[in-house]
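What follows is a set of notes on a single structure, which appears directly below.
Here the structure is a predicted model, which means the values were calculated and not measured.
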Amino acid sequence: MITFSRSGRPPIELLKELKETDPAFAEAAEKRIEIVKPKEAKPLGALQRHPSGSDPNELIKSRFLCRGGSLVLAGPTGIGKSSLMMQLSILFSIGEPCFALQPSRSLKVMIVQAENDEGDMAEMRDGVIGGLDLKPSNRSTALSNVVIVTEDARTRENFAAMLDRLLEAHKPDLVVVDPAFAYIGGDASSQKDVSAFLRNMVNPVIHKHNVGFILVHHVNKPPTGEH
């Protein structure tokens, strides 16, 4: 029979000392352990439904988008996706519907974008607010509940790490990322690249912070003359 023995200080003492002397390393180690920890398995009968309008995780009714969930807004370049996201963000921030999409309440929204400078974003903001003719109180709420982050250099793991820090700092209910190809760091038409970015890099961050996620994606324009 083979036996093993060890000498030295107990592991619990070493772990305690590590947390005291290098808390950042200890925290990173605990996160790595969390990644490999198996998910909880629930019996089918333990799954719960919430009565309409009572789900605390619901962001867009009726369960169209919940915390930890994602949706993609796709369309050709130049049709106004960024302007639509500005209008959606402003209306959701005051609890109002946008094109029949009804938020569950007033939401805090963060837009992370790469294509427009500050002047462009301000023009979109003023155009939407003016077009909607918002009351002063609603305007004030929207201007504080929507935050804009312009990031045009980070991709893949670096983008996911930055998103993690932003969500920790601002704690929004909903994050809009515009556009996808600016952050994927690979071929947007490759399932391998897209799956690695969304499932392995972004999804863990979205689930960690329990937010809703909207991804804006450009698709190719149809050839001239075709519909």
> Can you name the residues that form a ring pair (Phe, Tyr, Trp, His ring centres under 6.0 Å) with His218, not counting sequence neighbours?
Replying inline: Phe181

>> Among residues at least two apart in sequence or on other chains, which ones pass side chain to side chain contact (heavy atoms under 4.5 Å, CB included) with Arg125?
In response: Met86, Ala122, Ile129, Leu143

Let me check something: any side-chain donor-acceptor pairs from residues 61-68 under 3.5 Å, sequence neighbours excluded? List them with distances.
| unit_1 | atom_1 | unit_2 | atom_2 | d |
| --- | --- | --- | --- | --- |
| Arg63 | NH1 | Asp55 | OD2 | 2.5 |
| Arg67 | NH1 | Asn210 | O | 3.1 |
| Arg67 | NH2 | Asp173 | OD1 | 2.5 |

> OG/Ser82 to CG/Asn116 distance, rounded to the nearest 0.5 angstrom?
Replying inline: 5.0 Å

> Is there side-chain contact between Arg105 and Leu107, with at least one heavy-atom pair below 4.5 Å?
Replying inline: yes

> What closest approach, in Å, do Val219 and Ala74 show between heavy atoms, and which atom pair accounts for it?
Replying inline: CG1-CB, 4.0 Å

> Distance from Leu84 atom CG to Met124 atom CE, nearest 0.5 Å?
Replying inline: 11.0 Å

>> side chain to side chain contact (heavy atoms under 4.5 Å, CB included) for Phe159 and Val112? Distances and angles first, verdict last.
In response: CA-CA 10 Å; Phe159 172 78; Val112 182; 4.0 Å; yes

> Distance-only, no hydrogens or angles: does the Asp120 side chain make a donor-acceptor pair with backbone N or O of Asp117 under 3.5 Å?
Replying inline: yes

>> Do Ile60 and Phe92 make a side-chain contact, defined as non-hydrogen atoms from C-beta onward lying under 4.5 Å apart?
In response: yes

> Ignoring hydrogens and geometry, is there a side-chain-to-backbone donor-acceptor pair from Lys81 to Val216 under 3.5 Å?
Replying inline: no

> Any chain of hydrophobic side-chain contacts (each under 4.5 Å) joining Ile94 to Met85?
Replying inline: yes

>> To the nearest 0.5 Å, what is the distance between CG on Leu167 and CZ on Phe213?
In response: 9.5 Å

>> Can you confirm whether more than 12 heavy atoms, excluding those of Arg199, are under 6.0 Å from its CZ atom?
In response: no

>> Nearest 0.5 Å, please: how far is CD in Glu96 from CG in Asn138?
In response: 6.5 Å

> To the nearest 0.5 Å, what is the distance between CG (Leu198) and CG (Asn203)?
Replying inline: 7.0 Å

> Hey, are the side chains of Met110 and Val149 touching, using non-hydrogen atoms and a 4.5 Å cut-off?
Replying inline: yes

